[in-house]
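Only this structure's heavy atoms are used, side chains among them; waters, hydrogens and symmetry mates stay out. Everything numeric here is computed off the predicted structure, so don't read it as measured data.
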Amino acid sequence: MAAARCGGESAPTGNTVGATPLPPTRRAREHLEEEQLLDGHYRLQEVPGGRVALPVVEEKLSQLRLPLEIPCGLVWIQDPVPSRAARRQTPAQKLRDELRQLLGKSWSEELERDVPHAWQRHGDLVLLSEDCFRAPPWEKLGPVLWQTVASALGAQRLARRGRVLPDGMRSPSVTLLLGQDGWVEHVDNGIRYTFDVTKCMFSPGNITEKLRVASLPCSGEVLVDLYAGIGYFTLPYLVHAAAAFAHACEWNGHAVEALRRNLVLNGVQDRCHIHHGDSRQLELRDVADRVNLGLIPSSEEGWPVACRVLKKGTGGVLHIHHNVETLPSTAPLQTPVLQAERGSPEGASSDGEVQHPTEDGQKETLGARVRPEWQRWAEATAARIRGLLAELHGQPWRTSILHIEAVKSYAPHVHHLVLDLECRPTLPT
């Protein structure tokens, strides 16, 4: 960086420091600290001429008034050395400081409140939340804003999330801010998922259920996944649970494209057939040993289809997702239901949630015990499925609750649950 010395020409850019001979350095530093002018983000540096450069907060340069007995000139340093404290900065702190430096005197408390403290990272792409960088002054910066943000966060591409579109497909409203495309890759439990963040949703909070699915005993079975998306559950069934074949149903064209790529990425494209369209119109019948109904807040519209695709001679297992309201209560939890197919390892953890806050702010492992509301929902669902199967086949069926899995807290007093329901035809006596 060019030097700007007293009596010389100033350089237009740089980090401002005061340069003093070595002996008065301590006095100059104490004075700058007292006046809150010393910039703690940078280290003191030796400069030519036997002098020491003390970093000065650039926005307060006009307030710099050193005593006459302290000989000092101004210099601009091209690559100032960060202090130890600065090197220990969190990414959020680094982002805030670089933006403050970019805006200079235009920096304000309003802008500081508008800087994000959290984000999602997908490889070299950072996905920002919808409530950041909304203040009008940001717009005046143009592309340099997003280049600065990306640099501070160590990213090559940036996108910002909007509200989920009410189109029945849970399509994200995501704007690409920096970069050519939104395709990213994410790895969960050894499975590679690629998708376009501007077109498809990804749910890291479901990792516990994906881990559980991966360890279910599915060898030799045929799976029907009625709401496949990009393959959130289809892939664990094929890659880890050893399902022989899967029928993956999905009506979102962007998700179908990602699903095709993901099947190839994981080498299971020959064991899956994609049904692109509305799963309620699925023409399959009598093929499935297992059906996954991974739609929330309710998969109830898919229950008749799930009953039709189950093998009518032997039946199978339905995995029914649903959001269930849980009333605040201090009553003791019910005992666990039969966990014949529970496969998730105890204490499993990843970037998803294993423990969730309860209403009183304490922690509990949701999958360990079943609340009364959950049990009532499971029993009502089992009865409804039993009725659908009897009506469809003209003979009685039995249903057995194998397990109720609490995936995550979806909202206050609302939990995302999965019911593992065994459905078998009743044999003639």
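A salt bridge is absent between R160 and E130: the closest approach of a Lys/Arg side-chain nitrogen to an acidic carboxylate oxygen does not fall below 4.0 angstrom. A salt bridge does not link E209 to K408: none of the charged nitrogens lies less than 4.0 Å from a carboxylate oxygen. Of the charged side-chain nitrogens involved, none lies within less than 4.0 Å of a carboxylate oxygen, so that R96 and D114 do not count as a salt-bridged pair. The pair R285-E283 does not meet the salt-bridge criterion, since no charged nitrogen lies less than 4.0 angstrom from a carboxylate oxygen. No salt bridge links D286 with K311; every basic N to acidic carboxylate O contact stays at or beyond 4.0 Å. One finds a salt bridge joining D181 and R157 here, because a Lys/Arg side-chain nitrogen approaches an Asp/Glu carboxylate oxygen to under 4.0 Å.
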* How far apart are the C-alpha atoms of E422 and R424, what are their side-chain angles, what is the distance that settles it, and do they pass the side chain to side chain contact (heavy atoms under 4.5 Å, CB included) test? -> CA-CA 7 Å; E422 185 180 33; R424 304 293 180 192; 3.1 Å; yes

* **Pair F245-H273, side chain to side chain contact (heavy atoms under 4.5 Å, CB included): steps then yes or no** => CA-CA 8 Å; F245 196 83; H273 179 76; 3.9 Å; yes

* Asked: E300 and R384: salt bridge (Lys or Arg N to Asp or Glu O under 4.0 Å), yes or no, with the steps?
  -> CA-CA 10 Å; E300 189 168 355; R384 173 77 187 283; 2.6 Å; yes

* Could you walk me through whether H415 and V324 pass the side chain to side chain contact (heavy atoms under 4.5 Å, CB included) test, one step at a time? => CA-CA 5 Å; H415 293 101; V324 177; 5.7 Å; no

* To do: Could you please spell out the steps behind the side chain to side chain contact (heavy atoms under 4.5 Å, CB included) verdict for D289 and L223?
  => CA-CA 6 Å; D289 300 290; L223 165 77; over 6 Å; no

* May I have the step-by-step check of salt bridge (Lys or Arg N to Asp or Glu O under 4.0 Å) for R212 and D420, ending in yes or no? => CA-CA 11 Å; R212 192 180 75 93; D420 295 349; 2.6 Å; yes

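Across all their heavy atoms, V184 and T194 have their closest contact at O-OG1, 2.8 Å. Of all heavy-atom pairs between T198 and D196, the closest is OG1-OD1, 2.7 Å. The nearest pair of heavy atoms linking A248 to A228 is CB-CB, 3.7 Å. Between T426 and R398, the closest heavy-atom pair is OG1-N, 3.8 Å. The two residues R121 and L153 make their nearest non-hydrogen contact at NH2-O, 2.7 Å. In this structure, V256 and H276 approach most closely via the heavy-atom pair CG2-CD2, 3.7 Å.
A distance of 8.0 Å separates CG in L226 from CG in N292, rounded to the nearest 0.5 Å. Residue E405 holds its CD atom at 9.5 Å from CH2 of W374, rounded to the nearest 0.5 Å. The distance from the NE2 atom of H240 to the CG atom of L235 is 9.5 Å, given to the nearest 0.5 Å. Rounded to the nearest 0.5 angstrom, Y232 OH and N262 CG are separated by 9.5 Å. In this structure, CG in L145 is found 8.5 Å from CG in L177, a value given to the nearest 0.5 Å. Atom CH2 of W183 and atom CG of L125 lie 13.0 Å apart (nearest 0.5 Å).
Counting only distance, with no hydrogens or angles, the side chain of R271 and the backbone of A243 share a donor-acceptor pair below 3.5 Å. Panel note: side chain S151, backbone Q147; no donor-acceptor pair is recorded below 3.5 Å. Here the side chain of Q93 pairs a donor or acceptor atom with the backbone of T90 at under 3.5 angstrom. The backbone N or O of V268 lies less than 3.5 Å from no partner atom in the side chain of N266, so there is not a single donor-acceptor pair. Side chain of T399 to main chain of C423: no donor-acceptor pair is present (N/O by atom type, distance under 3.5 Å, no hydrogens or angles). Side-chain atoms of S299 never come within 3.5 Å of backbone atoms of G302 as a donor-acceptor pair (strictly under, hydrogens ignored).
S400 places none of its side-chain heavy atoms less than 4.5 Å from the side chain of L421. Residues Q375 and I401 form a side-chain contact, since some pair of their non-hydrogen atoms from C-beta on lies under 4.5 Å apart. With contacts defined as side-chain heavy-atom distances shorter than 4.5 Å, the pair L99/L111 does not qualify. Contact annotation: the side chain of D188 never approaches that of L211 to less than 4.5 Å [non-hydrogen atoms, C-beta and beyond]. Taking the side chain as every heavy atom from C-beta outward, E185 and Y193 never approach each other to under 4.5 Å. L238 is listed as a side-chain neighbour of L263, based on a closest heavy-atom distance under 4.5 Å. With contacts defined as side-chain heavy-atom distances shorter than 4.5 Å, the pair L216/Y237 qualifies. Contact annotation: the side chain of C249 never approaches that of L284 to less than 4.5 Å [non-hydrogen atoms, C-beta and beyond].
Cation-pi geometry between K140 and F133 is not met: the NZ or CZ atom fails to fall both under 6.0 Å from the ring centre and inside 45° of the normal.
Between W303 and H322, the ring planes are tilted. Angles from 30° to 60° get that label. Taking the six-membered ring where the residue is Trp, H247 and H275 present tilted rings, their angle falling between 30° and 60°. Between H393 and W397, the ring planes are parallel. Angles under 30° get that label, and only those over 60° would be called perpendicular.
No more than 12 heavy atoms of other residues, nucleotides or ligands sit less than 6.0 Å from atom NZ of K312. E301 CD: more than 12 foreign heavy atoms inside a 6.0 Å radius.
Checked against the 6.0 Å centroid threshold, F195 and H122 count as a close aromatic pair. The aromatic ring centroids of H319 and H321 lie 6.0 Å or more from each other. Here the two rings, on W251 and Y227, have centers that are 6.0 Å apart or farther.
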